[in-house]
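Input: a single structure, listed below in structure tokens.
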Amino acid sequence: MTRGCTSRIIRVAELVGCKLLGNWTTWNYHGTGCFRSYGLHSRILQVNQGESRALGHTCRIGLLIGLAVVGFFLGSAAFESLGNFSFFQDPRIQRKVDHFKVQKDAYDVLFFGSSHVLRGIAPNVFDREMGKLGYPVESFNCAFWGMLPHEANASMRSILSLRPRNLKFAFIELGWWDAHINEKNHYTLRTIVWHDFEETLSVLNSIVISRESLLEKLELVGLHIGHFFARAAHLGRGFELFKREPSSGGDHEMDGPGSTFLAREGFEPLDASMELEGHFAARHIEFLQTIESQAKRVERIETENRRKVTAEEIGAYNRRALRRQKAIIEAYGAQPIYVIPMRNSGSPVLLRLGKEGFVPVLFSLNDPVKYPHLHDVANLFDADHPNATGAARQTTLLAQLFAAYLSSLSSKSEE
Amino acid sequence: MLFTEPLFFAFFLLIFGLYWALPTNRSRKVLLLAGSYVFYGAWDWRFLFLILASTSVDFLVGLLLSHSKPKGGRRLWLVMSLIANLGILGFFKYFNFFVASTQDLLSLVGFDPGLRTLSIILPVGISFFTFQSMSYTIDVYRGKLIPIRSFLDFSLFVAFFPQLVAGPIVRASSFLPQLRQKRSFSSVRVKAMLFLFLVGYVKKVCLADNFAVLVDQVFRDPAIYDAKSVWLSMLSYTLQLYGDFSGYSDMAVATAGLLGYELTINFKHPYFSGNLSEFWTRWHVSLSTWLRDYLYIPMGGSRGTRVQVLRNLFVTMILGGLWHGAGLNFMLYGAIHGVGLVIHRTHVGLTQGIRNKRSYRIVFFILGPVVTMYVFMASLLVFRSESVEGALYMLRAYAFLGTDGEASLDLRVFLIFIPVLIIHGLTYRFAGSRWVDRVPGWLFAPAYGFLIAFILPFIPVSYKPFIYFQF
């Protein structure tokens, strides 16, 4: 059997060698041509002609596919060199990042996360409060709307790669490493761009350990691998080559004069007094219409937070991604601080992770028992987000907790 | 499953590999048929019953025709086949249109019969496969074709996945003989077919899908745009439709070609046509020849009085318009072409004496394509419009440059038409050359990969189905 295998390998090698040395354009599979000229004629005649033809075909196709792949990667590299493709697709996010690029060394505290952070943490308030408490800091809100942890992590890596020299603390919204993507966001540029190798690997891990059905897992794996290849192929980015630099004007419709989001260090409050449109208005109206249900919502959050968490739930949490995130932040010389901001659902698994020490430092603000004022209707824009007043109160609370933490650190070091 | 989707590539690679690995012609055909049903069932498995019904009826009618006595019996079987096919088409495609039209008409005279439309899902490509299947029975009836005795072959002829959902409409006389012999891989023009697929892919995703964004924007609310923007959107739609449909046809021809089968070329640079009559020999060729052979000629064609000939032309075009769908806009689209063809034929008759004059030839060499495109674009406006008000507004902007709208599109988009026209012209000039076959494999493969790397970035990330799937 071994002998059979060896002779087969020799035949394949002979065929490949011959084809590589011979005339590429006029390959033939009849044991003539280059075989004869290389003195292999007598041996090849022993090979079954049909088998050699099939092997020849396979070799040829394999080599040509290989060449096409090489051509693709060369083309891809050539395309990459033509333009400066940005990680951030939304012009508003891009403006924020552009601002950060210039000012990055001024900040020692950064906030990352979703709209809960974007709408709920006001750096100006945070800096003022920290200053009052004896810990002067300069902070910037790097959060973006609709960012689930995987995307937020990729964007955080992208921002940290700008190397803000004075960064000491990175506050990150602690969330579930969810692999689902809202269907309307499938294959949008924003979703494609965060699927780099590292984040795709991480999201695949989230899927594998999740408690989804096998079919659902396969579907999700396909979706994320598809996004990964879409990113590798620069899908949809061709026209960026012809685009002019993004304009620095055209502030958001919600920014009043003299109070742009940049002046607020990246913070974007939600307030009914602002000119609301689209889904913001709809969410606010829906909240107003169901305002009498707020007590029930708070009760539900309390119940959820108290709920016992099973080992399976903990096992389904992508702790590897969390560890990796922590390591990345530390590699940039900063300390990760995790936050659970006020929201419309309980976070029992995340709280348990905090208690068990998986999360280094965790401030849970989503606790209606301890901090009922954050869930007060007067401080809310909708059921899931604070309004400007609520954001200021939440930020003040966070600053106080953080200052207490720093104080405990210094007292520990004194001891 | 679209030709441009990754899922299709995986599906085709599997079919392609298995097909050429299978030893017998029969096993290959079984594979292709199974694959075709999977391909079609991917939209909605319930549609498979429809295609099976159409296939079975026409196969059976074909056999019965060969055993029936001439005249009476044969005609009866043919009528049954036509009723079955047109019945399926009529129910799924035109039922709601006729019910709604009747309801509207009766309401106008103050009578409400209470007719209700049904929620019918339109099966993908129904017009293509029913026309294809029907042509078989008509050809058998006419004695032009010997009825086939293999149900497998006939089913594959109807359901062959490369052309199943958006054509080209294949004739039994050209396809069935290809099924008899085992195809040989050595006779497949792999490089040419891969290149053709890429050309079709570029037409669809880089050209049509990108123009679609602009077209949709204007056609959704034309009244807010100025005349220049309306013109821009109409030119864009002209290119979008061509890129979309001819791109699909190219990919269909290439996919079939990679499996060793030859399909009809559906587009022959129609936008370089000198008149409408020539246009219809270059645009959607498989449909226009179908209409010619099974509608226009049986109606009398070019025989009879001048008025009868013009009537035949007009009616054929109206029905051709209705083939696209049940709607007044499609009927109007056909009518515009019908009137155009009638005018052209009359013009040909009137200018018999001066047609060979140099000055006439020069004028019409320049004027012909311009007028043809102008009329075609006007018909497309009706074809694409979402409302009568929108169509009228756009027609005013198109014909008289008169609009009330102030919104303007970025007119630099017009610049895109220059390279598109140059490439189109070059492909017209070098069409049919076999230069791709002469490129050595070692050069073709990396160049192909390199080209793909430069094409993929120009795919808009939003999803766009093929326009002609709805027909």
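Each chain gets a letter, A, B and so on, in the order the sequences are listed, and its residues count up from 1.
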Open item on the list: With a 4.5 angstrom heavy-atom cut-off, is it the side chain or the backbone of B:Y448 that approaches chain A, or both, or neither?
Closed with: neither

Open item on the list: Need one label for B:F185: side chain, backbone, both or neither, based on atoms under 4.5 Å from any heavy atom in chain A.
Closed with: side chain

Task: Spacing of CD belonging to A:E212 relative to OG belonging to A:S206, to within rounding of 0.5 Å - done: 11.0 Å

TODO: Could you tell me the separation between the CG atom of B:D209 and the NZ atom of B:K203, rounded to the nearest 0.5 Å?
DONE: 14.0 Å

Task: Atom NZ of B:K228: over 12 foreign heavy atoms under 6.0 Å - done: no

Task: Donor-acceptor contact present, side-chain B:N210 to main-chain B:F458, <3.5 Å - done: yes

Task: Main-chain N/O of B:L32 paired to B:S36 side chain as donor or acceptor, under 3.5 Å - done: yes

Open item on the list: Taking every non-hydrogen pair under 4.5 Å, which of A:F229, A:F73, A:F72 racks up the most with chain B?
Closed with: A:F72

- [ ] Check each atom of A:I65 against the heavy atoms of chain B and say whether the ones under 4.5 Å are side chain, backbone, both or neither.
- [x] neither

TODO: Sort A:A230 into side chain, backbone, both or neither according to what part of it lies under 4.5 angstrom from a heavy atom of chain B.
DONE: neither

